[in-house]
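Data first, discussion second: the structure below is written as structure tokens.
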Amino acid sequence: MTSESKENVSGFIIQGFSDTPELQISLFVLFLGIYLIILLGNLIIFLVISCNPHLHTPMYIFLLNLSLIDISSTSNILPNLLHILLTQQNNISFLGCMTQMYVFMSVVGNEFFLLTAMAYDRYVAICDPLHYIARMSRKHCAGLITAAFTGGFVDPVGIVVLISKLSYCASHLINHLFCDVTPLLKLSCSSTSSVELLIYIVGTFLIFGSFLPTLTSYIFIISAILKIQSSEGRQKAFSTCASHLACVITLYGTVFCMYMRPTTSYSLKRDKYFSLLYIVLGPLLNPFIYTLKNREFQSSLNKIKQR
């Protein structure tokens, strides 16, 4: 089956925004600006935290890794999309397509598990502050980050292998912005039931390995916050996890709507723009959400500027 798929297709054509040729230049300028803002914002976070030893605490170490994930996820998609918009050369090799899909799914998994680790960090900080230093030591923090990245990189391997073995004997035009799972399943003329089953298995693993621990953490966090007597204390406690909660809702909402459903309910045009919203929104907003009202980060940034 593997050799058959490789004989049937040596590459794909990514449609992108070719159905709106009059907007190509405008879209190129728009996405270039968005990409540069994402790179600048997340690189600032990375450099400020790396250069300031006072910020080498679990919360900021997690944030540093989140900025790397955001840079990786957008750099996997947007440069190629910008190239297509500028040159109209929308061909991608079979290997390049599989690689892009694997990297996309990996960074999504990395983000899932990293946000779970960040939820646990907030849980310990609010619900068990006296033991925070012991439970979130540098060793434990490194272990959580390693587990997050390991899970993210391992999860999509089976899906990518099965998709690479499918036969693509119909159109090679991917009506999407990049190589993604569902558009490729739509192109295949062989049975995709095994791939869809594995997608649901991996999705179930994500639910039990990421979503439920995150949900449980926030149940305890909200319960602890409601027990605080003063409104000022409740507001201060909630502000420490509000930005993380916003990122969690955005990630889970978009990813579950995109993937946790049968391919028969897939709408090409709707999901094309929905996936673009996921790719851009989180990496664009995260630097602002986490740093604008963070006095400790702002102070460190000002010190770097003065230097």
Side-chain angles (χ1 to χ4, degrees), residues 11-17 24-25 27-51 61-115 118 145 148-157 159-160 174 176-181 183-184 247 250-251 254-255 258-259 271-291:
F12 298 97
I13 301 172
I14 298 177
Q15 181 170 337
F17 294 101
Q24 299 290 300
I25 300 300
L27 289 172
F28 173 81
V29 174
L30 174 64
F31 289 126
L32 178 61
I34 290 173
Y35 183 50
L36 292 176
I37 292 172
I38 290 172
L39 285 181
L40 180 62
N42 286 283
L43 281 173
I44 288 174
I45 290 177
F46 178 82
L47 292 174
V48 170
I49 295 175
S50 298
C51 296
I61 295 299
F62 286 135
L63 182 56
L64 180 148
N65 283 274
L66 182 62
S67 68
L68 291 178
I69 290 173
D70 287 340
I71 291 172
S72 301
S73 63
T74 52
S75 297
N76 180 47
I77 307 295
L78 289 186
N80 188 55
L81 182 60
L82 290 170
H83 174 74
I84 292 172
L85 288 170
L86 187 63
T87 65
Q88 310 303 312
Q89 296 178 4
N90 51 1
N91 295 310
I92 186 169
S93 67
F94 184 86
L95 179 60
C97 185
M98 295 299 111
T99 302
Q100 186 183 56
M101 180 174 59
Y102 171 75
V103 172
F104 173 70
M105 296 177 68
S106 294
V107 293
V108 170
N110 291 338
E111 192 167 8
F112 267 115
F113 292 121
L114 187 65
L115 287 176
M118 294 172 77
I145 293 172
F149 279 94
T150 301
F153 287 129
V154 170
D155 263 357
V157 171
I159 296 174
V160 174
I174 299 176
H176 205 53
L177 305 176
F178 59 96
C179 288
D180 200 5
V181 174
L184 284 169
C247 293
T250 301
L251 177 67
T254 53
V255 171
M258 285 168 62
Y259 297 111
D271 284 30
K272 180 192 294 187
Y273 297 107
F274 204 58
S275 62
L276 181 64
L277 184 66
Y278 162 74
I279 293 166
V280 168
L281 190 62
L284 184 64
L285 294 182
N286 284 350
F288 299 101
I289 292 172
Y290 279 103
T291 62

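- Listed for the Y102 side chain is a donor-acceptor partner under 3.5 Å among the backbone atoms of F153.
- For F104 against N76, the heavy-atom pair with the smallest separation is N-ND2, 3.4 Å.
- In terms of heavy atoms, M105 sits closest to P156 at CB-CB, 3.6 Å.
- The distance from the CZ atom of F31 to the CG atom of L36 is 13.5 Å, given to the nearest 0.5 Å.
- Looking at residues two or more places apart in sequence or on another chain, you find a ring-ring contact (aromatic ring centres under 6.0 Å, His included) between F112 and Y252.
- Residues Q100 and C179 come closest through the heavy atom pair OE1-N, 2.9 Å.
- Judged by distance alone, with hydrogens and angles left aside, the side-chain atoms of N90 form a donor-acceptor pair with the main-chain N or O of I14 at under 3.5 Å.
- N91 places no side-chain N or O within 3.5 Å of a backbone atom of G11 that could act as its donor or acceptor partner.
- Distance check, rounded to the nearest 0.5 Å: CD1 of I279 to CZ of F178 gives 4.0 Å.
- For the side chain to side chain contact (heavy atoms under 4.5 Å, CB included) criterion with F46, the lone passing option out of L68, L66, I71 is L68.
- In this structure a side-chain-to-backbone donor-acceptor pair under 3.5 Å is present from Q24 to F17.
- Atom CD1 of I145 sits about 8.0 Å away from atom CG of L64, to the nearest 0.5 Å.
- Scanning for side-chain contact (heavy atoms from CB on, under 4.5 Å) contacts around V154 gives T150, with sequence neighbours left out.
- Atom CD1 in I49 sits 4.5 Å away from atom CG in L63 (nearest 0.5 Å).
- The heavy-atom pair separating S73 from D70 by the smallest distance is OG-O, 3.0 Å.
- Of all heavy-atom pairs between T74 and P79, the closest is O-CD, 3.4 Å.
- When all heavy atoms of G151 and F113 are compared, the pair lying nearest together is C-CE1, 3.7 Å.
- When the side-chain contact (heavy atoms from CB on, under 4.5 Å) test is applied to L47, no partner is found at least two apart in sequence or on another chain.
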